[in-house]
Chemist: 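Okay, here's the structure, questions in a sec.
We count ligands from 1, going down the list as the structure has it; atoms in each ligand are counted the same way. As a basis for the values below, the full set of heavy atoms in this structure was taken, side chains included, without hydrogen atoms, waters or symmetry mates.
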Amino acid sequence: MIEIQHIYKSFGKLQVLKGVNVRMEPGKIYAFLGPNGSGKTTLIKSILGLVNLDAGEILINGQNIKHNWQYKNGIGYMPQIARFPENLNMMELIRMLKDIRKMPSCEEQYIRYFELENFQNKALKNLSGGTRQKVNAILTFMFNPDILIFDEPSAGLDPVSHIKLKDLILQEKEKGKTILLTTHMLSEVEELADEVIYLLDGKIYFQGTVSELLYSQDELRLERAIAKITQKKTAKERIKV
Ligand code: ADP
């Protein structure tokens, strides 16, 4: 369970999060949507403990994450672009992470699942973008975390690997994991998300199911519902000017 309570964050004069309040439960997939610059990454970084908040609190399983680093062991994070120690190969990287984390892991099953057996001894710098993304996925799942966070998970994946990753995400949901996702692929949202959390101007504009979002905007297609929200915002800004 993730509880975000009235969080505020500014970078200099720019107020990015302005009192975000949201609760995310186990066994559900939450898709964060919102225009570029609306604060999605900042919100995710806040959950990962990478941002010093100006105000507000984040609780994970009832515990405040401030001054508590151990909670990070329960999170799997798949960034959009993987940055690896380039001279290592996949197995060296996995061994290094196992040494650091000292937790039970199940990398073999994911190496087989993503068919990476033949890439184990190749330097990471020589892997293609899609293969690096699969390595990224293995690192995300291998410690069996309770919370999984995906930032544009489909980036660079071929269609078969993309389907495999989506199936894996759905399986993890069935196991009761709390899953957060940012994506520009609306088909991914329709397929995976139990709830959409729509950020606008640093606040949560909408939280609910895809059907509720469609209903709220009186639209049949998600793409159109989202365009409508963004256009309303632009119209309001024009009036202000
Ligand atoms: P999103 O992920 O929704 O595109 P972000 O959370 O990345 O939005 O960014 C929100 C705003 O905060 C943007 O205007 C961005 O330029 C700014 N921002 C994000 N991180 C920093 C930072 N470390 N320093 C200064 N500004 C930042």
Side-chain angles (χ1 to χ4, degrees), residues 2-24 28-60 65-66 69 72 75-83 129 133 136-137 140 147-157 165 169 178-190 192-208 210 213 216-217 222-238 240-241:
I2 305 175
E3 291 164 89
I4 294 179
Q5 301 178 340
H6 307 288
I7 65 171
Y8 288 78
K9 176 66 191 173
S10 305
F11 294 108
K13 285 188 181 159
L14 181 70
Q15 264 216 312
V16 178
L17 301 178
K18 304 176 191 168
V20 172
N21 224 359
V22 58
R23 191 182 151 101
M24 288 165 277
K28 279 194 173 182
I29 300 178
Y30 296 85
F32 285 88
L33 300 182
N36 294 334
S38 57
K40 302 180 293 293
T41 307
T42 307
L43 183 56
I44 282 179
K45 283 188 177 169
S46 306
I47 298 169
L48 293 168
L50 300 173
V51 163
N52 276 329
L53 296 173
D54 301 334
E57 288 181 342
I58 298 180
L59 309 184
I60 292 191
I65 65 168
K66 209 170 180 179
W69 57 267
K72 292 183 187 176
I75 299 183
Y77 172 53
M78 184 165 161
Q80 190 173 353
I81 298 167
R83 298 195 201 284
Q133 218 26 13
N136 208 1
T140 308
I147 295 173
L148 288 153
I149 301 178
F150 300 92
D151 188 359
E152 297 284 346
S154 53
L157 287 179
L165 179 63
I169 292 176
T178 311
I179 299 173
L180 281 54
L181 175 81
T182 68
T183 178
H184 284 103
M185 283 188 70
L186 297 182
S187 59
E188 206 166 73
V189 176
E190 287 172 312
L192 297 178
D194 294 293
E195 286 196 21
V196 169
I197 295 174
Y198 195 93
L199 273 172
L200 197 61
D201 290 335
K203 289 188 180 162
I204 293 185
Y205 178 87
F206 173 89
Q207 180 176 5
V210 170
L213 178 61
S216 74
Q217 301 303 314
L222 187 54
E223 196 178 24
R224 290 193 176 273
I226 282 168
K228 216 171 189 175
I229 297 174
T230 314
Q231 277 159 4
K232 278 183 204 162
K233 180 199 165 217
T234 317
K236 260 194 205 164
E237 279 172 353
R238 255 194 239 115
K240 265 193 226 162
V241 173

Chemist: Would you find a donor on one side and an acceptor on the other, under 3.5 Å apart, between the side chain of Asn21 and the backbone of His6?
Modeler: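 A pair under 3.5 Å: yes.
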Chemist: Looking at side-chain heavy atoms only, is the closest gap between Ile4 and Leu43 below 4.5 Å?
Modeler: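 They are in side-chain contact.
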Chemist: Could you pull out, from Val51, Asp151, Thr41, Leu17, the option with a heavy atom nearest to atom 7 (O) of ligand 1?
Modeler: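 That would be Thr41.
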Chemist: Are the charged groups of Glu57 and Lys66 less than 4.0 angstrom apart, N to O?
Modeler: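 Result for this pair is no, no salt bridge flagged.
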Chemist: Within 45° of the axis and under 6.0 Å from the centre of the six-membered ring of Tyr205, does NZ or CZ of Lys203 qualify?
Modeler: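 No, cation not above the ring by the 6.0 Å, 45° rule.
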Chemist: Tell me, please: is Gly12 in heavy-atom contact with ligand 1, that is, under 4.0 Å?
Modeler: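 Checking ligand 1 against Gly12, which is what was asked, there is no heavy-atom contact under 4.0 Å.
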Chemist: So between Pro35, Ser10, Gly37, whose heavy atom ends up nearest atom 10 (C) of ligand 1?
Modeler: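 Going through Pro35, Ser10, Gly37 one by one, Gly37 has the nearest heavy atom to atom 10 (C) of ligand 1.
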Chemist: Test your reading of the structure: does Leu14 have an N or O sitting under 3.5 Å from an N or O of ligand 1?
Modeler: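 By distance alone, the answer is no.
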Chemist: When you look for heavy atoms under 4.0 Å from ligand 1, do you find them on the side chain of Thr182, its backbone, both, or neither?
Modeler: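 Neither part.
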Chemist: Do Lys9 side-chain atoms and Asn52 backbone N/O form a donor-acceptor pair below 3.5 Å?
Modeler: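 Yes; at least one donor-acceptor contact below 3.5 Å.
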Chemist: Taking the side chain as every heavy atom from C-beta outward, state whether Gln207 and Tyr30 have any atom pair closer than 4.5 Å.
Modeler: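 The answer is yes, as the side chains (C-beta and beyond) meet within the 4.5 Å cut-off.
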Chemist: Is a donor on one side and an acceptor on the other found under 3.5 Å between the side chain of Asp54 and the backbone of Ser10?
Modeler: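 Such a contact is found between Asp54 side chain and Ser10 backbone.
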Chemist: Does atom 15 (C) of ligand 1 have any protein heavy atom closer than 4.0 Å?
Modeler: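 No, because not a single protein heavy atom sits under 4.0 Å from atom 15 (C) of ligand 1.
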Chemist: Run the numbers for me: atoms of ligand 1, each under 4.0 Å from some heavy atom of Thr42, listed by number.
Modeler: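 Near Thr42, meaning under 4.0 Å from one of its heavy atoms, ligand 1 has 5 (P), 6 (O), 9 (O).
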Chemist: Looking at atom 8 (O) of ligand 1, what's its closest protein heavy atom, distance included?
Modeler: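 Among all protein heavy atoms, the one nearest atom 8 (O) of ligand 1 is Gly39 N, 3.2 Å.
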Chemist: Give the numbers and elements of all ligand 1 atoms closer than 4.0 Å to a heavy atom of Ser38.
Modeler: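 Close to Ser38: 1 (P), 3 (O), 8 (O).
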Chemist: Only one of Arg83, Met78, Gln80 clears side chain to side chain contact (heavy atoms under 4.5 Å, CB included) with Asn136; which?
Modeler: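 In the set Arg83, Met78, Gln80, the residue that makes a side chain to side chain contact (heavy atoms under 4.5 Å, CB included) with Asn136 is Met78.
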Chemist: Which ligand 1 atoms does Asn36 reach within 4.0 Å, using its non-hydrogen atoms?
Modeler: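 Counting atoms of ligand 1 from 1, those under 4.0 Å from Asn36 are 4 (O).
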Chemist: Write out the residue and atom name of the closest protein heavy atom to atom 24 (N) of ligand 1, then the distance separating them to 0.1 Å.
Modeler: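 Going atom by atom, the protein heavy atom closest to atom 24 (N) of ligand 1 ends up being Phe11 CD2, 3.5 Å.
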Chemist: What part of Val16 sits under 4.0 Å from ligand 1 if we count only heavy atoms: the side chain, the backbone, both or neither?
Modeler: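 Contact part for Val16 vs ligand 1: side chain (C-beta onward).
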Chemist: Are the side chain of Thr183 and the backbone of Met185 linked by a donor-acceptor contact shorter than 3.5 Å?
Modeler: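 Here the side-chain-to-backbone pair exists.
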Chemist: Decide whether the shortest distance between a heavy atom of Gly34 and an atom of ligand 1 is less than 4.0 Å.
Modeler: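 No.
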